[in-house]
Amino acid sequence: MTFSQIPYERVDTEALKLRMKELTQEFQNSDCFEQAEKVFLAMEKTRGETLETMVTVASIRRDIDTRDRFYEEEMEFYDQELPNLQPLIQNWTNALLESPFRMQLGEKYGEVPFINAEIAAKAFIPEMVEDLQKENDLCSQYTKLIASAQIPFDGKMLTLSQMTPYKCSTDDKLRHEAWKAEGEWFASNGAQLDQIYDEMVKLRDTMGKKLGFPNYIQLGYYRMTRNCYGVEDIEKFRKAVQKYLVPLAKKIYIRQAERMGYEFPMSFADKGLAFRSGNPKPVGSPQEILANGTKFYSELSSETKEFWDHMIHDEMMDVESKPGKASGGYCTGIYGCRSPFIFANFNGTAGDVEVITHEAGHAFAFYLNRNRVPYESAWPSMEACEVHSMSMEFFGEAWADLFFGKDARKFLYTHLSDALTFIPYGTMVDHFQHIVYEYPEFTPEERHQAWRELMGIYMPWVRPDDIPFYGEGKMWQRQGHIYQSPFYYIDYCLAQTVALMFWEKIQEDPRKAFQQYMKYTKLGGSLLFTDLLKQAGLESPFEEACLRGICTKANEFLEQFDLTGIE
């Protein structure tokens, strides 16, 4: 069944509530494991096929065209109704945790879902329903505002995604004008972006305090299902980033400024151009890039070939940028047809190939684990999921000639350097959010000032300049995760660190590295993140030696990389 053929029908939430109540009661009344298991699986099917599938399909179709009023109204309905299901989900969770058959269920279906259920139980009380509805509404406001961007440039009206090629143009004047044009759009909407976020912060602070926490931070960690590390571990990682990665990233940008003849620290508009002849560009149209993806996955392994053939045959991707389409990219799972779906916005940059590797890395992991029970254990926690995607990007490097042609060497150099320089930025995003939620009374200007101060710590290679919005230290408003998924962004940094471990192993033995990757990926969400790493024979990113070793190897590689003949 192709994605367009999936039938959609609005979930009858009242009937669903009755069914969930019935199943919870049946589960509590079960007098043997066999009966309890039967109800457990019935609830699995009810929530997965009745609820998750329809909401996911509606969400994807809304994102494909945010102007589609039908699916816009469907998501408005779910924004209001889904929080009303939380008390019922909580009752089910409590029944699971209190069941005399919990141990037997854990032995058969894994302990992680029950650990996560305990965390979920700490993250909700019925008094939060209206808060969750309001939070959903604010997230939708942000999504629609960003998707509505129409920027007059180069004689056209362009979306934010369509501005990207101009923002890395080799024409210095055109590139700076593109950054300014985009910055002007954000600046003109800055008051609304500040207002949305201010409401979000205060709302989330209230939610945290309703649960007895001093602020939102612990609740934020629970909502991200942090099940094997806490704030102290993140602080350790943050210190290692400042000690090892910031100096290496600074060295990378100093080389870039010298190569380009730019002043250091660089402006935002200059930082993004790695070579005078331009950043690496993929070869071909979106259709040709997808065809190259077919060759890559067919040659990588039999498992990846089977997965990719399914994605193409069943049209489980929408990757071209179009007016009205939501910005960004993601992978999600459609429970009813046991299939991943990839959403993206191709724009003619190297990011198009990274969609084929990054988002498809997520999709491949879900495909391998699509039949796990319970269904949520197909995915591990977020940072573990990002290992699948970021590592797949590095496995794709062996096909750089296919994807990038004459720009292959450029790509190999910038892909590694971008991975390294991203981690300080991503860590800064997380650090910023800790400050924001520790001081929810901050004014918008105080938040902007906090961001500017963090830039001095994590991004000393960029200088304030005359570019509206960016030069004023407000670029955090462009980072949707800050609004919609608080505390998610550090997951990318932890995962990038693990992916760089795979990069090291690929340099030594690509086949052995992929076998180790498969060992990690096939485990799905059956283990905690730190235990997944142990099972796959990988170091923990929370250990200082991990980042120290990666930075040493990566610096040697970049210093010895042959850039001869690349202008």
Peer 1: Do the charged groups of Arg67 and Asp65 touch, with an N to O distance under 4.0 Å?
Peer 2: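 Looking at Arg67 and Asp65, the cut-off is met.
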Peer 1: Quick one: CG on Asp131 to CE on Met207, what's the gap to the nearest 0.5 Å?
Peer 2: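 It comes to 5.5 Å.
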Peer 1: Against Arg452, only a single residue in Glu472, Glu446, Glu445 fulfils salt bridge (charged side-chain N to carboxylate O under 4.0 Å, His left out); can you say which?
Peer 2: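 Of all the options given, the one that passes is Glu445.
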Peer 1: How far does NE2 of His431 sit from CD1 of Ile457, to the nearest 0.5 angstrom?
Peer 2: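 Rounded to the nearest 0.5 Å, the NE2-CD1 separation comes to 6.5 Å.
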Peer 1: Please step through side-chain hydrogen bond (donor to acceptor under 3.5 Å, both in side chains) for the pair Ser381 and Glu383, ending with a clear verdict.
Peer 2: CA-CA 6 Å; Ser381 48; Glu383 69 292 296; 2.3 Å; yes
Peer 1: For Glu81 and Asn84, what are the C-alpha separation, side-chain angles and deciding distance, and is it a side chain to side chain contact (heavy atoms under 4.5 Å, CB included)?
Peer 2: CA-CA 5 Å; Glu81 282 298 307; Asn84 290 327; 3.6 Å; yes
Peer 1: Does Lys239, at its NZ atom, have more than 12 non-hydrogen atoms belonging to other residues, nucleotides or ligands within less than 6.0 Å?
Peer 2: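 Counting neighbours around NZ of Lys239, 12 or fewer heavy atoms of other residues, nucleotides or ligands fall under 6.0 Å, so no.
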Peer 1: Using the ring centroid of each side chain, check whether His434 and Tyr221 are separated by less than 6.0 Å.
Peer 2: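 Distance test on ring centres: under 6.0 Å, yes.
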Peer 1: Go through it in stages, so that I can follow the logic: the residues are Tyr244 and Asn555, the test is side-chain hydrogen bond (donor to acceptor under 3.5 Å, both in side chains), and I'd like the CA-CA distance, side-chain angles, deciding distance and then a yes or no.
Peer 2: CA-CA 11 Å; Tyr244 298 109; Asn555 183 52; over 6 Å; no
Peer 1: Do the rings of His362 and His358 sit parallel, tilted or perpendicular, given the 30° and 60° boundaries?
Peer 2: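 Correct class here is perpendicular.
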Peer 1: Between Tyr520 (side chain) and Ala384 (backbone), is there a donor-acceptor pair under 3.5 Å?
Peer 2: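 Yes, the answer is positive, given that a donor and an acceptor are paired below the 3.5 Å cut-off.
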Peer 1: Would you please say whether a donor-acceptor pair under 3.5 Å links the side chains of Asp466 and His176?
Peer 2: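 No pair is found: no donor N or O on one side chain lies under 3.5 Å from an acceptor on the other.
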Peer 1: Quick one: are Leu533 and Pro541 in side-chain contact, heavy atoms under 4.5 Å?
Peer 2: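 A side-chain contact exists here, since the closest heavy-atom pair is under 4.5 Å.
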Peer 1: Hey, can you tell me if Tyr216 and Tyr437 have their rings parallel, tilted or perpendicular (30° and 60° cut-offs)?
Peer 2: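 Rings of Tyr216 and Tyr437: tilted, 30 to 60°.
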Peer 1: Step through it carefully: locate the ring centre of Phe366, locate the ring centre of Phe341, and say whether they are under 6.0 Å apart.
Peer 2: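 When the ring centroids of Phe366 and Phe341 are compared, they turn out to be at least 6.0 Å apart.
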Peer 1: Will you find, in the side chains of Gln90 and Gln86, an N or O donor that is under 3.5 Å from an N or O acceptor?
Peer 2: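 Gln90 vs Gln86: no donor-acceptor pair found between side chains.
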Peer 1: Within 45 degrees of the ring normal and closer than 6.0 Å to the centroid, is that where the cationic atom of Lys250 sits relative to Trp461?
Peer 2: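 No; the conditions do not both hold, so Lys250 does not lie above the ring face of Trp461.
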Peer 1: With the threshold set at 4.0 Å, does a side-chain nitrogen-carboxylate oxygen contact exist between Arg226 and Asp491?
Peer 2: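 Yes, charged N to carboxylate O under 4.0 Å.
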Peer 1: What class does the angle between the rings of Phe561 and Phe557 fall in, given that below 30° is parallel, 30 to 60° is tilted and above 60° is perpendicular?
Peer 2: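 Plane angle between 30° and 60°, so tilted.
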Peer 1: Does the Lys NZ or Arg CZ of Lys325 fall within the cation-pi geometry relative to Phe343 - under 6.0 Å from the ring centre and within 45° of the axis?
Peer 2: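 Yes - Lys325 lies over the ring of Phe343, closer than 6.0 Å to its centre and within 45° of its axis.
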Peer 1: Can Asp137 and Gln141 be counted as having a side-chain donor-acceptor contact under 3.5 angstrom?
Peer 2: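 Yes - a donor-acceptor pair under 3.5 Å links their side chains.
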Peer 1: If I compare all heavy atoms of Gly333 with all of Trp379, which pair ends up nearest, and what's the gap?
Peer 2: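 Heavy atoms of Gly333 and Trp379 come nearest at N-CZ2, 3.9 Å.
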Peer 1: Less than 6.0 angstrom separating the ring centers of Tyr197 and Trp476, yes or no?
Peer 2: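 For Tyr197 and Trp476, the ring centres are under 6.0 Å apart.
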Peer 1: Given the rule in the side-chain hydrogen bond (donor to acceptor under 3.5 Å, both in side chains) test, do Thr349 and Asn347 qualify, once you have shown the distances and angles that lead to the verdict?
Peer 2: CA-CA 6 Å; Thr349 68; Asn347 53 31; 2.6 Å; yes
Peer 1: With no hydrogens and no angle check, is any side-chain donor or acceptor of Arg62 less than 3.5 Å from a backbone partner on Tyr71?
Peer 2: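 No, the answer is negative, given that no donor and acceptor are paired below the 3.5 Å cut-off.
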Peer 1: Assign the ring pair Tyr229 / Phe542 to parallel, tilted or perpendicular, where the plane angle (0 to 90°) is split at 30° and 60°.
Peer 2: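 The arrangement is tilted - the two ring planes meet at 30° to 60°.
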Peer 1: Do the rings of Tyr492 and His481 sit parallel, tilted or perpendicular, given the 30° and 60° boundaries?
Peer 2: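 Judged by the thresholds at 30° and 60°, the geometry between Tyr492 and His481 is perpendicular.
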Peer 1: In Å and rounded to the nearest 0.5 Å, what is the SG to CE distance from Cys546 to Met501?
Peer 2: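 Atom-to-atom, Cys546:SG and Met501:CE are 3.5 Å apart.
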Peer 1: Specify the closest pair of heavy atoms between Leu420 and Leu245, including all atoms of both residues, with the distance to one decimal.
Peer 2: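 Heavy atoms only, the tightest pair is O-CD2, 3.5 Å.
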Peer 1: Would you say that Lys474 contacts Phe186 through its side chain, given a criterion of any heavy-atom pair below 4.5 Å between the two side chains?
Peer 2: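 Not in contact.
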Peer 1: Working to the nearest 0.5 Å, report the span between CD of Gln256 and CD1 of Ile252.
Peer 2: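 Here the interatomic distance stands at 9.5 Å.
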